[in-house]
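Here the structure comes first, spelled out in structure tokens, and everything after it is commentary.
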Amino acid sequence: SYLGTLYVAFSGGKDSVCMAELCKMAGVPYELHYNITTIDPPEVMEFMRENYPELHWHLPERSMMDLIIEKHMPPTRIARFCCAELKERGSKGVCV
């Protein structure tokens, strides 16, 4: 069995809200983590600030604009380079 605090990747969307509620209902130890992308909708950020004060906020090393300039294009449905850099980090060695 897993012994430790679950790292819950949280986006402020309906799936994340549901997952946070399930963790709370289950009584398992967990932490909510949000990786800022630098193009986050202000309304979603405000929702998270108001409703999830325990949320851990993580700043990226580089902005979305930096990535677009480096790749010479914005991310697309096929070329999703931004997720690896901006969203899928910070959870190395933990249960997500």
Side-chain angles (χ1 to χ4, degrees):
S1 70
Y2 175 75
L3 299 175
T5 301
L6 298 175
Y7 181 110
V8 178
F10 191 83
S11 69
K14 64 185 183 317
D15 294 338
S16 290
V17 168
C18 182
M19 183 58 68
E21 189 61 26
L22 288 172
C23 288
K24 182 178 176 183
M25 291 168 60
V28 298
Y30 69 97
E31 291 181 346
L32 302 177
H33 293 267
Y34 181 66
N35 290 308
I36 298 169
T37 66
T38 69
I39 58 166
D40 311 277
E43 299 84 1
V44 174
M45 295 183 79
E46 184 62 26
F47 168 78
M48 292 187 295
R49 273 190 219 94
E50 289 178 3
N51 295 284
Y52 296 91
E54 73 277 20
L55 182 62
H56 297 268
W57 298 73
H58 303 283
L59 289 170
E61 292 180 20
R62 300 187 303 163
S63 71
M64 176 67 80
M65 187 54 69
D66 291 339
L67 293 173
I68 291 170
I69 290 169
E70 177 186 310
K71 303 291 185 181
H72 305 290
M73 62 182 278
T76 68
R77 187 173 54 86
I78 296 168
R80 298 186 55 126
F81 56 83
C82 56
C83 290
E85 183 91 22
L86 300 174
K87 291 300 221 178
E88 299 163 2
R89 59 187 169 80
S91 59
K92 302 291 185 238
V94 297
C95 184
V96 179

Residues two or more places apart in sequence or in another chain: which of them pass side chain to side chain donor-acceptor pair (under 3.5 Å) with Tyr34?
-> Asp40
Got a sec, which residues hit side chain to side chain donor-acceptor pair (under 3.5 Å) with Thr38, two or more places apart in sequence or on another chain?
-> none
So salt bridge (Lys or Arg N to Asp or Glu O under 4.0 Å) across residues 43-60, not counting sequence neighbours, yields Glu46-Arg49
Enumerate, atom names and distances included, each donor-acceptor pair closer than 3.5 Å involving a side-chain atom of residues 16-26, sequence neighbours excluded.
| from | atom 1 | to | atom 2 | distance (Å) |
| --- | --- | --- | --- | --- |
| Ser16 | OG | Ser11 | N | 2.9 |
| Ser16 | OG | Ser11 | OG | 3.1 |

Residues that Pro74 engages under side-chain contact (heavy atoms from CB on, under 4.5 Å), provided they are two or more places apart | Ile68
Are Met45 and Trp57 close enough that some pair of their side-chain heavy atoms sits under 4.5 Å apart?
-> yes
Under a 4.5 Å cut-off applied to non-hydrogen side-chain atoms, are Pro60 and Ile36 in contact?
-> yes
With Phe10, which residues qualify under ring-ring contact (aromatic ring centres under 6.0 Å, His included), at least two apart?
-> Tyr52
Sorted by chain and residue number, the salt bridge (Lys or Arg N to Asp or Glu O under 4.0 Å) partners of Glu31 (sequence neighbours excluded) come out as none
For Arg62, which residues count as a side chain to side chain donor-acceptor pair (under 3.5 Å) partner, sequence neighbours excluded?
-> Glu70, Glu85
Atom CG of Leu6 and atom CG of Leu32: how far apart are they, to the nearest 0.5 Å?
-> 10.5 Å
